[in-house]
Undergrad: 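The structure under discussion is supplied below as structure tokens; questions concerning it will follow.
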Number of protein chains: 2
Amino acid sequence: MRSLDPILRRLRGLASLSDAEVEFVRGLGDRRERRGQGEQLVAEGAAARPRFVVSGWACRQRLMPDGRRQIFSLLLPGDSFGFGTRPALCSVTALTALDTMDAGALQEAARRGAAPGLARALAAAETLDDALLLDHAVRLGRMTAFERVAHFLLELQQRLEIVGLGDRQRFPLPLTQEILADALGLSVVHVNRTLQQLRRAALLELRSGVAILLEPDAMARVCDYRATTTLEPNKAA
Amino acid sequence: MRSLDPILRRLRGLASLSDAEVEFVRGLGDRRERRGQGEQLVAEGAAARPRFVVSGWACRQRLMPDGRRQIFSLLLPGDSFGFGTRPALCSVTALTALDTMDAGALQEAARRGAAPGLARALAAAETLDDALLLDHAVRLGRMTAFERVAHFLLELQQRLEIVGLGDRQRFPLPLTQEILADALGLSVVHVNRTLQQLRRAALLELRSGVAILLEPDAMARVCDYRATTTLEPNKAA
DNA sequence: CGCTTCTTTGACGAGCCTCAAACTGAGTGG
DNA sequence: CCACTCAGTTTGAGGCTCGTCAAAGAAGCG
């Protein structure tokens with residue numbers, strides 16, 4: 001089941017999994033759900049069931065009554081959401097067409113101790129999410145528009161490379177500038193101008209949904225990007 | 001032990017506690033630690049031991065190499081930090097002189113099922129922290145300076161009232177404008193001018209470390225403030 | 001008191017936003 | 001196959017918000 005690769009790559013990057021655990025995840029393949037762009041997967045305050053993103057992009061977000069939106073994080077293929085038993089603190093919305101997979105059985109297995117590796121991977125995933133949210137708060141509160149965009153693109157590059165959807169320089173970016181604006185706390189117009197600035201600086205190329213970081217290291221320097229990782233890197237391949 | 005009131009008030013606001021559990025918390029009173037203003041309580045990446053703030057204010061924050069600072073949340077009397085077993089994602093620093101109390105025994109009791117009420121309260125506290133962090137991200141990303149300050153003051157009013165350190169209008173505010181600036185993603189000068197704007201609008205009074213919200217409801221309207229609470233309010237007094 | 005920290009004020013400029021309109025490209029239907 | 005539409009991107013003009021720099025008050029504190 002090739003389509004589960006991002007999920008497995010992500011989990012194995014977060015903790016070592018036994019062969020049985022890998023098979024267990026592969027066996028989850030049923031219980032898919034397909035959602036269209038713009039559909040809400042989880043409402044704020046609702047009890048969510050645990051799921052993985054199989055393909056497509058989603059986000060956690062909140063809307064203000066006057067229409068302003070803040071995106072807290074992007075959910076990429078391989079990412080999980082709805083774990084933990086509490087009601088959702090923000091809504092989850094599909095940014096593109098989306099395939100998700102139910103992970104209730106996985107959560108249950110981890111909970112009762114049947115899959116220690118998976119349990120560790122899920123805990124690490126949660127920690128990583130929290131760390132990325134702090135990174136995001138720093139972007140929003142203390143970085144310039146130029147730094148925010150660069151920093152955000154570097155984060156996406158890293159996360160997508162981990163799940164096998166991009167390399168060190170190139171990755172899919174199926175987002176409108178409006179979505180970037182709502183994630184980065186900027187206006188659409190200013191996102192547009194900032195992207196042009198990155199292009200003029202020969203740091204970035206954008207072509208039909210693909211981003212190319214021409215000089216990732218230089219880009220990381222201008223925004224003080226440092227990869228956010230968990231502390232237990234996977235020792236196994 | 002009157003000094004433990006904020007802690008007990010907060011926990012009982014998050015979940016119903018048995019009498020035994022209340023006594024258990026009271027019995028924790030030893031193992032205090034006193035820290036001076038500016039001291040770091042937890043370093044980023046360090047393993048933290050669980051503690052309560054008994055008195056004084058602290059914050060979670062990150063520093064950028066060039067000196068920029070982002071404050072993620074304030075820790076008020078009654079607040080806990082260092083729970084959970086993972087290394088700290090950001091540092092914790094005393095904003096005033098500070099008294100903390102070790103809560104290792106409490107965490108242990110909750111973990112092994114000996115104190116279900118306390119366990120629920122701790123889980124609710126964590127959820128609330130997460131929710132407040134999302135509120136904060138919305139402030140940083142999508143609110144004007146005026147809205148940010150108003151919204152932040154309303155949050156503080158609510159949290160302090162819960163722990164018995166203020167009423168509907170009045171509460172202690174032992175923060176410099178620089179700290180407010182680093183929390184709200186603004187410059188000190190602009191925080192100053194925004195506070196004056198709130199005073200001119202007859203919404204706020206500040207006198208020697210005490211804030212007075214002259215019209216909390218009007219203030220809540222201008223920044224669309226809605227109290228962030230957990231879903232299990234305490235039924236008992 | 002004299003020092004330091006914090007607050008306040010002014011002047012100025014840059015960053016970012018808003019409004020508005022033109023442009024592009026990918027459907028879509030005639 | 002060609003308008004036509006619609007979402008998204010780009011550009012321009014103008015202005016407000018907010019930041020920076022600098023210095024003057026005010027307020028704690030030893």
Side-chain angles (χ1 to χ4, degrees), chain A residues 36-38 57 64 66-71 94-97 139-153 172-201 204-211 222-223, chain B residues 36-38 57 64 66-71 94-97 139-153 172-201 204-211 222-223:
Chain A
Q37 174 175 21
W57 292 31
M64 296 177 68
D66 62 2
R68 281 178 283 182
R69 166 167 79 159
Q70 180 62 51
I71 291 177
L95 296 173
T96 67
R139 274 194 296 252
L140 294 175
R142 281 304 183 216
M143 289 192 184
T144 65
F146 189 81
E147 293 170 322
R148 287 184 215 184
V149 174
H151 197 276
F152 191 62
L153 291 175
L173 188 69
L175 303 178
T176 65
Q177 295 181 359
E178 184 176 8
I179 293 171
L180 285 174
D182 286 338
L184 297 174
L186 299 168
S187 69
V188 187
V189 173
H190 202 65
V191 165
N192 182 285
R193 294 192 162 118
T194 306
L195 288 171
Q196 290 176 49
Q197 215 179 326
L198 281 163
R199 278 185 283 222
R200 258 183 279 116
L204 176 67
E205 224 170 273
L206 281 177
R207 281 203 310 261
S208 60
V210 175
V222 302
C223 63
Chain B
Q37 174 175 19
W57 291 30
M64 296 175 68
D66 62 2
R68 282 179 282 183
R69 166 166 78 159
Q70 180 61 52
I71 292 176
L95 296 173
T96 69
R139 275 195 295 254
L140 294 174
R142 281 306 184 212
M143 289 192 184
T144 65
F146 189 81
E147 293 170 322
R148 287 184 216 184
V149 174
H151 196 275
F152 191 62
L153 290 174
L173 188 68
L175 303 178
T176 65
Q177 295 181 0
E178 185 177 8
I179 293 171
L180 286 174
D182 286 338
L184 297 174
L186 300 168
S187 69
V188 187
V189 173
H190 202 66
V191 165
N192 182 284
R193 294 195 162 117
T194 306
L195 288 171
Q196 290 176 50
Q197 215 179 326
L198 281 162
R199 279 185 282 222
R200 260 183 277 116
L204 176 67
E205 225 170 274
L206 281 177
R207 281 202 310 262
S208 61
V210 174
V222 301
C223 62

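Please read all numbers here as calculations on a predicted model, not as lab measurements. What's counted below: heavy atoms across the whole structure, side chains too, no hydrogens, waters or symmetry copies. Each chain gets a letter, A, B and so on, in the order the sequences are listed, and its residues count up from 1.
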Undergrad: How close or far is atom P of D:dA26 from atom CZ of B:R207, stated in whole angstroms?
TA: 18 Å
Undergrad: Suppose we screen for side chain to side chain contact (heavy atoms under 4.5 Å, CB included). Which residues come up paired with A:A94, at least two apart in sequence or across chains?
TA: A:L98
Undergrad: More than 12 heavy atoms of other residues, nucleotides or ligands under 6.0 Å from CD of A:Q196: yes or no?
TA: yes
Undergrad: As an exercise, state the distance from CZ of A:R142 to CZ of B:R68, rounded to the nearest 0.5 Å.
TA: 8.5 Å
Undergrad: So, taking the atom named CD in B:Q70 and the one named CG in B:L140, what distance separates them when rounded to the nearest 0.5 Å?
TA: 5.0 Å
Undergrad: Which atoms form the tightest heavy-atom contact between A:A211 and A:L204, and what is the distance?
TA: CB-CD1, 4.5 Å
Undergrad: With the sugar-phosphate defined as primed atoms, P, OP1 and OP2, and the base as all remaining atoms, what B/S/- string results for nucleotides 3-17 of chain C, 5' to 3', for protein heavy atoms under 4.0 Å?
TA: ---SSBBBB----BS
